[in-house]
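Just so it is clear: chains get the letters A, B, ... in the order the sequence lines come, proteins before strands, and each one is counted from 1.
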Protein chains: 4
Amino acid sequence: MKALVYHGPGQKAWETVPDPTIEAATDVIVKITSSTICGTDLHILKGDVPEVKPGTILGHEAVGVVVEKGSAVTTIEVGDRVLVSAITSCGRCRFCKEGHYGLCTGGGGWIFGHLIDGLQAEHARVPFADTSVYKVPDALSDEQVLFLADILPTAFEVGVLNGGIEPGDTVAIVGAGPIGLAAVMTAKLYTPAHIVAIDIDDSRLERAREFGADVTINNSSDIAVAAVMELTDDLGADVAIEAVGIPSTFELCTELVRPGGRVANVGVHGHSVTLHLETLWIRDVTITTGLVDTSSTAKLLKLITDGKLDATAFATHRFPLSETMSAYDTFGDAAATHALKVVLEAEPVAHKPVPQGEELLATGV
Amino acid sequence: MKALVYHGPGQKAWETVPDPTIEAATDVIVKITSSTICGTDLHILKGDVPEVKPGTILGHEAVGVVVEKGSAVTTIEVGDRVLVSAITSCGRCRFCKEGHYGLCTGGGGWIFGHLIDGLQAEHARVPFADTSVYKVPDALSDEQVLFLADILPTAFEVGVLNGGIEPGDTVAIVGAGPIGLAAVMTAKLYTPAHIVAIDIDDSRLERAREFGADVTINNSSDIAVAAVMELTDDLGADVAIEAVGIPSTFELCTELVRPGGRVANVGVHGHSVTLHLETLWIRDVTITTGLVDTSSTAKLLKLITDGKLDATAFATHRFPLSETMSAYDTFGDAAATHALKVVLEAEPVAHKPVPQGEELLATGV
Amino acid sequence: MKALVYHGPGQKAWETVPDPTIEAATDVIVKITSSTICGTDLHILKGDVPEVKPGTILGHEAVGVVVEKGSAVTTIEVGDRVLVSAITSCGRCRFCKEGHYGLCTGGGGWIFGHLIDGLQAEHARVPFADTSVYKVPDALSDEQVLFLADILPTAFEVGVLNGGIEPGDTVAIVGAGPIGLAAVMTAKLYTPAHIVAIDIDDSRLERAREFGADVTINNSSDIAVAAVMELTDDLGADVAIEAVGIPSTFELCTELVRPGGRVANVGVHGHSVTLHLETLWIRDVTITTGLVDTSSTAKLLKLITDGKLDATAFATHRFPLSETMSAYDTFGDAAATHALKVVLEAEPVAHKPVPQGEELLATGV
Amino acid sequence: MKALVYHGPGQKAWETVPDPTIEAATDVIVKITSSTICGTDLHILKGDVPEVKPGTILGHEAVGVVVEKGSAVTTIEVGDRVLVSAITSCGRCRFCKEGHYGLCTGGGGWIFGHLIDGLQAEHARVPFADTSVYKVPDALSDEQVLFLADILPTAFEVGVLNGGIEPGDTVAIVGAGPIGLAAVMTAKLYTPAHIVAIDIDDSRLERAREFGADVTINNSSDIAVAAVMELTDDLGADVAIEAVGIPSTFELCTELVRPGGRVANVGVHGHSVTLHLETLWIRDVTITTGLVDTSSTAKLLKLITDGKLDATAFATHRFPLSETMSAYDTFGDAAATHALKVVLEAEPVAHKPVPQGEELLATGV
C-alpha cells in the first residue's frame, strides 16, 4: 500500500510500504477513507519529537472501514465504519480504568504516527480496537466526525473542561489556530458571557469571530491584559486557555486570569516558562496541563449527531489521499494558505449500516 | 400606601395599609416599580400555606428603587434600582455562609408574602439589604430582570444544577408551566442534546417548543415512558426534572430516568409519593429536592446583561400595579388566558445610574 | 469438582459438578482458596431472586489462584493469586468506561452465582479476567482481602462515597449487620465527628462500637430521631446510610437527615417505600441508590496493604470449603451464632509471588 | 494599652498605645487572652511586606473576650469568648458570598497586623464581627483553638483541600515547619496511605513523624525524587504540598508528583520559579496557589470539639503577653529553640458560657 513515511528531520515521502497485518488478537485493520494532518506532524518533521523513528508512517486522525479483525475483538465487526482516534486505550491499566487514556501504561496512549505506524496511509493496524475506536452513525459524513480524532476532544478536555468553564464566565483564549478555534467552539457549549480570542494575526481573529468569539484582541502591541481588565472591571478572566505553546503566551494567561480563576494549558511546550509565584501565590489560581484522553469523544459525537456541534468549518482544504505531499505543503504554509485542517480523501468504502438503536451504544453516550 | 392584602382563604383586597418603615439597621425601604404573581400566591389564597397570617401583604418578586436605608447598610444607596429576590439572606448563619440562603436560620429565607409583608405593594421593607438585593444595570428594563426574583433561579438551581445537566444529555422536563419553561430555558445553557417537554396540554407544549424544547410529548394517554425510551434506545433520560408537584409526575420522573441518572424535583408537593425502591435500589439514581437559594442570581443577571439569556417572553400580560386584583384573575385562569407571568407595573422612579465599572460588582459575578 | 448448587427455593446441595472450562478468550479458570457467603445468597435460597435458575452454583466472593487462561488474557498469568470480585466488567461498554461496572451492558455486572455459576466451588470460570480480577500482594492473607469482593466496596461506594461524607460530619448508619458495619469502618476514612449506629439488637450495636461507631441507638422504642436531633442541636445528621432494606428504615433515614443532607441507600429492597415529599421538597435533600461498581476496590486494597484498613474482624467463623453446608447453617442463624461473615477455606495453592514493584500496578492505585 | 508595634524594618517595640475604639457599627472590641506569632510577622520585620506601615500593631491570630460591640452586631454579645481569625470577611462582596474570604473586596481579607492594627496587643478592634469571629465552646481552652486562627485552616484549605487528598493517596509534603506539620496533621483526616515529609533538618523530620508522617526524607543530598519514586513504583506522589516558599522546593514538588497528580502551593514566595512545561505539558498535572479563606474554620473547630483533631502540640513555648519581645526572640531563633508556635498568654477574662445547643450554631457546622 501507499503511505506517508517519515525519513528523519525534514524528510518524508508518499511511498509504497507493506500492508499492515493483525499482530495481536485485539487489533483490527482499517481501510482509511479520510485522514488529516496535525501541527504535531510538522513538529515531528522538524525533528522535535525524537521518539519518532525514521521509517514510521505519520498521522493520528482518521475515519475508515474495518477490513479485518483479531480473534479477541468482540464489539467491532468487519465492515464497520469507525473513527480512529489519536489516543489508544488498552482498557486494562489503572489510568484507562480512570478514563485517563492519554496516560495509558498498557501499550496505548498517543502511539499512532509516534511509536507505531500512523494513519496517513491506505490501511492501518489499530490496536485495542474494542476500547479505542468509535462506530460512526450512517447519517454523518467522514468530515463531520474526522476532527473528533484529535482537536475537538483536545480543546474540550484540556481547555474547556480543565478550565471549568461555567455559564456567565469570561473566557480568554490565547491563540486562534485550529486548537484555539476548537476551544472557542466547544467553550460555547457552556454559554460563557464572553469568549475573548487573542492572537497577533488579524485573519485568525476574524476566524475566531466566525467560530464564536465575541471579543477579539490583536496583541501585537501588548494590549491584551489592559483590554481584558477593562472588559472585566479590572478583575480578569475567569478562565484563560493557552493554545500556542510558547513562554510568552503562557505567562500572558497567568496575567489575564482573575483571582480565583483557572489557567488551562493546551499548548505543546518546548521550553520552560517563568511562573510568577511572587504574585500568584496569593491569588488562588489553578493551572492545569494535559494530553487529551479522548474520554469525551462519545459525548462530542453525540452532540454532532444531534446537530448541536458542527466542526466541518475546520475543513478548509481537501486533497486526494494520494496527494498527501501537496496537502503537507498547503498545511505547512498556513500563514499564506489560511489552512485550518486539510482533509485527505480516499475512495469511499461500502460499509455496514449502524442499525437504528445501536447508535447510542455505538457512541457510548 | 396601597397593597394586596391576604384576608384568609379565598379572600384578598387591594387596600390602604400603613407605609412600611425601617425596623432594623440592615433594612431598606423600596418603592416598587414592577412586581408579579407566583403560583405560590394562589396556593396561599387556597389556604394551603397556613403560616401566612391574614393581614399579610402578598408577593415575593419585585424590582424597585431604594428610598430609605438603615444605618448599617453599606453597599446600597438611596436611589439605587434593585431586584428584590424571593429569598432573603442574613449573611451570618451557617447556611448563608454556605450559599444555602433558602435554608437561612438567621431570619431570612422565604419570608416576603409569607412571614413578613410582601412585594405586591407600593412600598416594601426589605431586611438584610446588603446581602439580599441586587443592583440592576441601567441598560436593563424591569421586565428583563423581574423573573430573576424567583422562577429563573428556581428552575436553574433546583432543576438544572441539581440535575447536573451536561452537554449532550437528554433532559426530560415534566410540566410545561412557568417553572418547567424556565427549566427548558436554563437547561439550554449547558447544551443538552435533547430537551423533552412532557405535559398534558398542547398549548403549553407549543410554548415549550418556543422556549427551546426539541421534543414534546402529550402524556394524556400515558405514552411518555415509551416515547423517552424510544428516543434513548431504551436507556432513559440522563436527567428528569419534576416541575408539577403531584405524585404521578414525580413517579413518572423515576420511570423516565436512565440507570445512573438524576431526578431533580422542583415541584411543590402537598402529598407523599411512592418511591419504587424495589426496582430503583439497583439503578444508581440520584433524587434531589430543594427550595431555591438564589445563589445563582448574580450569574443569571450577568447572562441577561450580556445578552445570553432573555426571559422577557414570560411576560404575557401587563397591568398597572393598582389593578393587581384583575391581574390575579388573569393569572388564576391561566388555562383560558394562557398567562405565564403577569407584570404589575407602577410608575417608573428616577434612580441613580449604576456607574460603568460597578455593574459587575453590583451583580456579583 | 464439588460445588454448592442451588436447586430451587429452599434447596441446595454440596455436590459433584463438571469442572469449569474456558469458554471465551477473555476467561480464566481460578482454583478457589477462600470463599464466603453473602446475605444475598440467603435471599436467593428463599426464592426472592427468580433470575437464578436451579442448577446454578452460588457465591460471588472469593480468592484463588489462576490455573488456566484464555488466549486474549494479557495481564494475568497462570499462577497468579487473585481476588475475584462480585462485579465483573467487560471493560468495553459505555458504563464500564465510566467506571460503572455494576451497570455493565457488555455481559458483566453481577453475574456470579446469579446469571452464571458462582464461587462457592473448588474451581470457577471468571469472564473478562483482565478487567475484573485483582492480583493480591503476597504479604496479605486471603482473609485480609476476601471481604473486598463485596461488602467493603459496597458499603464504601454506595454508602460512604454516595453519602459524600466529609471530615466533621455526623453520620447516621441504620442497620448494624455486615454491610452497616462495613459502612462504619469505611466512613472512618473521612474522619466524621460522629458515627451513629442504629439497630434494634444490642449485640449488633456492641459490634458497631467495636468497629468504630461512637454513638449507638437501640431503636426498638422508636427513639432514634429524637436522639439524633439532640446530638445535632435539632439539625439532623449530615448523612444517613440505609443498610437494612425495608420501608421503615428507609423512612427513618429521611427523618434523620438534616436540611441539605444526603440519604445513601445501600439496602436491597423488596417493596416500595413512602417518600414524604410534602415535607422533603423544601429541605434540599439528596437521595441516592446503587449497586456496587467495585471501582474502589484497588483503592481499598491499597489501604489494606498499607495497614490503614483491616477487615479481618468480619471473619467470625471458619469452615473447610467442603463443609459449606454447615457454614450456611451458621451464617443463616446469625441471630444465635452472631456470625458476620463465614470463611470457606480450601487448601492453599502454590502461586507466583507478585514481584516487588508490581504491587501497585497490580492493585491499580 | 500595651501592644507590639512595628517601627520599620528590623524595629519593633512593646509599648503603650491608645486603646482601640469602635469605628464602624459592625466592629467589636476584643480583650485578647491568647495570641501568637506567625512566620509572616518575621517577614514583615525583615521589610518584605512594604504595605505594613510603621506604627502598625502586628499579629493576626488570637483568642479573646468581647468587651464592646457596634450597633449593627447581632450575633455576638459582650462577654462572648471568640476566636479572632487571620482573615476578616465583609460578608457582602462577591468573593465573601462564594466563601473566598481571603479575596474579600469589601474591606476584609488579611488585614490584621497588615493593613490595620493587629492582635499582639491587650485589646483589638475587630471589623465585620458577625461574619469574622467564631464563638469558642467552653470546654475548650484557648490553646486548643488558637491555631485555628491561621495555620490549621491554611494547611487544610490551601494544602489538603486544594490538593484533593483522597483515602489511599501518597502525599508528599515539602517543608516540615509549622505549616508543613499542620498539613501532615490535617492530611490525616482523609486517611492517605502514606504521608511523606521532606526537609533538610532532622529534628523537624522527627517532629513530622510525631505529627503523623510515616515516611521522612532528609533531602540535603537531593534524594527526595528517587526516594518517592521508589516508594511509588516510579509513579510519583498523588499530591505534593509545597510548604516552604522558595523556587527549589516548588520545583521539587513538580518533579515528585505523578502524572495526573496535584501540586498545592502553600508557601509564600518572594521570587518567580521555573515551571518545566516542556515536560509537564503532557503530564496532566494541576497546580494550585492560594491564601487561606478560613472557610473551613467551623469544620475544624467541630473536629477539635469532638476530639478528632488536637493541635496543642504546636504550642512549644509560652510567654506572658507582656513578654512578647522575648517570645519573638525564641520564635525567631527556631533553629536553636525548636519553637513551633509560641503562645502569648494574658490574664483569663470572665466570659459568658456558650449555652448547650448553641455550640453548633456558634461553630457554624
**OP:** Check whether any side-chain heavy atom of D/E242 lies under 4.5 Å from a side-chain heavy atom of A/L277, and answer yes or no.
**Re:** no
Subject >> Options D/G267, D/P259, D/A264, D/G290, ranked by heavy-atom pairs under 4.5 Å with chain A, top entry >> reply: D/G290
**OP:** Rounded to the nearest 0.5 Å, what's the gap from CD on D/E157 to CG on A/D284? Could you check?
**Re:** 9.5 Å
**OP:** Side chain from CB out, backbone as N, CA, C, O: work out which of these in A/D293 comes under 4.5 Å of a heavy atom of chain D, or both, or neither.
**Re:** side chain
Subject >> Which of D/T288, D/V263, D/L275 touches chain A most, by non-hydrogen pairs under 4.5 Å >> reply: D/L275
Original post:
Within a radius of less than 6.0 Å around CD1 of D/I200, do more than 12 heavy atoms belonging to other residues, nucleotides or ligands occur?
Top reply: no
**OP:** Step by step, work out the side-chain contact (heavy atoms from CB on, under 4.5 Å) result for A/L280 and D/N265.
**Re:** CA-CA 10 Å; A/L280 291 170; D/N265 184 78; over 6 Å; no
Subject >> With A/W281, the side chain to side chain contact (heavy atoms under 4.5 Å, CB included) member among D/V266, D/V273, D/L291, D/V158 >> reply: D/L291
**OP:** Taking A/E278 for its side chain and D/H269 for its backbone only, find out whether a donor-acceptor pair lies under 3.5 Å.
**Re:** no
Original post:
Does CD1 in D/I246 sit with more than 12 non-hydrogen atoms of other residues, nucleotides or ligands closer than 6.0 Å?
Top reply: yes
**OP:** Calculate, to the nearest 0.5 Å, the distance between atoms OG1 and CG belonging to A/T105 and D/D234 respectively.
**Re:** 12.5 Å
Original post:
Of all heavy-atom pairs between D/G260 and A/L103, which one has the smallest distance, and what is that distance?
Top reply: N-CD1, 4.1 Å
Subject >> From NE2 (A/H276) to OG1 (D/T289), nearest 0.5 Å >> reply: 14.0 Å
